Each structure stands twice: as C-alpha cells, then as structure tokens.
Amino acid sequence: MAWTTVASLAYLSLLIEALQEYELGSSGISILTIRVLFFFIAAILVNRFVMENRRQVERLETLSKQLEETNRNCAARSRCAPRRALAALGQLSAGSRMKFGIRWE
C-alpha cells in the first residue's frame, strides 16, 4: 500500500505543472479521483494474489518436507526388510534343525 501511495503522489505531482496552464473542472476532478482509486484497487487485488500465493507456497513447502520424511522412513524400512526376512529365515532354519536333531558340522 505504501508503494501505491507513492505512485499516486507521483502521478498527482505531475498535475502541479499542468494546473498552472489548465483549469481542472469537476469532471476532471472525478476522473482524477477514479484514476487514483484505481491504483489502490489494483494494489489491493495484487496484494491478495501475492498473499495467497505465499500461503500456497508455504503449504506446499510443508507438504514437501513431510513427503521427504515419509520417503526417508520408507527407504529405511525397505533397507531393513531384507535383513528382517533373512533373520527370520535363519531363525526358522535353526529352529527346524533343532527340532529334527540336525547338526551342521
């Protein structure tokens, strides 16, 4: 909003020189008012879009971090899964050898 105020004042400052040569009537004042209000309306709309965009970016960054964490957890589990399967297979074979009295020498 501050930049819009600065832009509006810069726009109106151009009128100082023009008003020395020309007279500003009531229709000119209303057109000038509409133009300055247009600056502020455009600034408000742009500000809303920017704020919504920032909110969406923050939301997507949060979701991205959660997804990275989930992927790291899944990768850790998938690295451990073969080890667990081999350990279970080892326990199973050791148990069956003991059950049947088989000794490996």
Side-chain angles (χ1 to χ4, degrees):
M1 294 303 281
W3 286 112
T4 304
T5 303
V6 169
S8 297
L9 291 175
Y11 178 71
L12 293 174
S13 71
L14 297 174
L15 291 176
I16 295 171
E17 188 177 314
L19 287 176
Q20 293 173 358
E21 295 180 29
Y22 304 102
E23 189 173 317
L24 187 63
S26 63
S27 65
I29 291 174
S30 63
I31 290 173
L32 185 62
T33 304
I34 290 170
R35 287 182 180 178
V36 171
L37 287 176
F38 175 76
F39 286 148
F40 284 97
I41 291 170
I44 289 169
L45 290 175
V46 168
N47 184 43
R48 288 193 135 193
F49 286 125
V50 167
M51 295 306 289
E52 179 63 22
N53 187 33
R54 284 182 186 167
R55 191 179 70 76
Q56 291 293 333
V57 166
E58 288 173 359
R59 184 176 150 262
L60 290 174
E61 285 175 351
T62 302
L63 290 173
S64 176
K65 288 176 185 177
Q66 289 174 350
L67 183 60
E68 286 177 16
E69 182 66 27
T70 302
N71 285 339
R72 276 195 297 272
N73 291 340
C74 287
R77 286 184 193 141
S78 66
R79 283 192 304 267
C80 293
R83 293 180 193 149
R84 287 187 199 140
L86 288 174
L89 184 60
Q91 289 174 355
L92 181 64
S93 65
S96 64
R97 278 185 272 156
M98 296 299 258
K99 183 177 181 181
F100 297 111
I102 301 172
R103 296 173 109 185
W104 297 98
E105 296 184 24

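Since this is a predicted model, take the numbers as computed values, not measurements.
Between the CD1 atom in Ile31 and the OG atom in Ser26 there is a gap of 9.5 Å [rounded to 0.5 Å]. Atom-to-atom distance recorded for Met51:CE and Asn53:CG is 10.5 Å, nearest 0.5 angstrom. In this structure, NZ in Lys65 is found 14.0 Å from OG1 in Thr70, a value given to the nearest 0.5 Å. How far CG of Leu32 is from CG of Leu37: 9.5 Å, rounded to the nearest 0.5 Å.
Distance alone, capped at 3.5 Å, places no donor-acceptor pair between the Ser64 side chain and the Leu60 backbone.
Using a 4.5 Å cut-off between side-chain heavy atoms of Ile, Leu, Val, Met, Phe, Trp and Tyr, with links allowed through other members, Phe39 and Val46 fall into different hydrophobic clusters. Ile41 and Val36 are members of different hydrophobic clusters when ILVMFWY side chains are connected at heavy-atom separations under 4.5 Å.
Of the charged side-chain nitrogens involved, at least one lies within less than 4.0 Å of a carboxylate oxygen, so that Glu69 and Arg72 count as a salt-bridged pair.
At least one side-chain heavy atom of Gln56 sits less than 4.5 Å from a side-chain heavy atom of Glu52. At least one side-chain heavy atom of Thr5 sits less than 4.5 Å from a side-chain heavy atom of Phe40.
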